[in-house]
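Contents: one structure, followed by commentary.
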Amino acid sequence: MDRKTLAIIAYLSIIGWLIAYFQYKDKPKDHFVSYHLKQALGIAIISLLLGVAINVVVSLVPALSVVVYANIAILALWIMGIINAYNGQMKPVPVAGPIFEGKFSFLNS
């Protein structure tokens, strides 16, 4: 797979991220793929934490069930990441992207 394909697959799901990671690991290190693996993993972690927080809030106060629409923001981040990867850009996704740029040292190229 080429580098753009690996970067896009990383955003599709945790399974997609794992596929992209194992393909990336076997090839010469590419900063572009590494960057998008970090961004996708960061979005997945935020998604997981947000999901847990929403479940706790909704179970304690059912009237606040409208907070589940916050998941749309996560979907928007994933779409922005995919678009950046498709266009060959190494641009962080809003809000979450800058947080994870220097993290995940096991992905350094």
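Model, not experiment: these values are computed from the prediction.
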> Is the closest side-chain heavy-atom distance between Leu12 and Ile82 below 4.5 Å?
Replying inline: yes
> If you group Ile, Leu, Val, Met, Phe, Trp and Tyr by side-chain heavy-atom gaps below 4.5 Å, do Leu41 and Val95 land in one group?
Replying inline: no
> Would one find more than 12 heavy atoms of other residues, nucleotides or ligands at under 6.0 Å from atom CD1 of Ile15?
Replying inline: no
> With Trp78, which of Ile83, Ile43, Val93 fulfils side chain to side chain contact (heavy atoms under 4.5 Å, CB included)?
Replying inline: Ile43
> Where is the tightest heavy-atom contact between Gly81 and Tyr11, given as atom of each residue plus distance?
Replying inline: O-CE1, 3.4 Å
> If you measure from CD1 on Ile54 to OG on Ser59, what distance do you get to the nearest 0.5 Å?
Replying inline: 12.0 Å
> Are Val56 and Ile74 joined in one hydrophobic group, where the rule is that I, L, V, M, F, W and Y side chains link up if heavy atoms are under 4.5 Å apart?
Replying inline: yes
>> Ignoring hydrogens, what is the shortest heavy-atom contact between Ala96 and Ile46? Give both atom names and the distance.
In response: CB-CD1, 3.2 Å
>> To the closest 0.5 Å, what do you measure between CG (Asp2) and CZ (Phe32)?
In response: 9.0 Å
> If you take all heavy atoms of Val66 and Ala63, which pair is closest and at what distance?
Replying inline: CG1-O, 4.4 Å
>> Show the nearest heavy-atom pair for residues Leu77 and Pro94, with the distance to one decimal.
In response: CD2-O, 3.3 Å
>> With heavy-atom distances below 4.5 Å as the criterion, would you say the side chains of Phe22 and Lys25 are in contact?
In response: yes
> Shortest non-hydrogen contact from Leu64 to Val58?
Replying inline: O-CG2, 4.0 Å
>> Walk me through whether Met90 and His31 qualify under side-chain contact (heavy atoms from CB on, under 4.5 Å).
In response: CA-CA 9 Å; Met90 289 180 22; His31 190 63; 3.1 Å; yes
> Between Ala85 and Ala7, which heavy-atom pair has the shortest distance, and what is it?
Replying inline: CB-CB, 3.7 Å
>> Using only atom types and a distance under 3.5 Å, with no angle test, would you say the side chain of Asn84 pairs donor to acceptor with the backbone of Lys91?
In response: yes
> Between the main-chain N or O of Gln89 and the side-chain N or O of His36, is there a donor-acceptor pair closer than 3.5 Å?
Replying inline: yes
> Quick one: NZ on Lys4 to CD1 on Ile9, what's the gap to the nearest 0.5 Å?
Replying inline: 14.0 Å
> Are Leu75 and Tyr86 in one and the same hydrophobic cluster, where Ile, Leu, Val, Met, Phe, Trp and Tyr link if side-chain heavy atoms are under 4.5 Å apart?
Replying inline: no
>> Test of understanding: clusters of I, L, V, M, F, W, Y form through side-chain heavy atoms closer than 4.5 Å, transitively. Do Leu48 and Leu37 belong to the same one?
In response: no
> In terms of ring plane angle, is the pair Tyr24 and Tyr21 parallel, tilted or perpendicular, where the classes change at 30° and 60°?
Replying inline: tilted
> If Ile, Leu, Val, Met, Phe, Trp and Tyr residues are connected whenever their side-chain heavy atoms lie under 4.5 Å apart, and connections chain through other members, are Val68 and Val57 in the same group?
Replying inline: yes
>> To the nearest 0.5 Å, what is the distance between CD1 on Ile79 and CD1 on Ile72?
In response: 10.5 Å
>> I'd like to know if the side chain of Asn55 reaches the main chain of Val52, judged simply by a donor and an acceptor atom lying under 3.5 Å from each other, with no hydrogens or angles considered.
In response: no
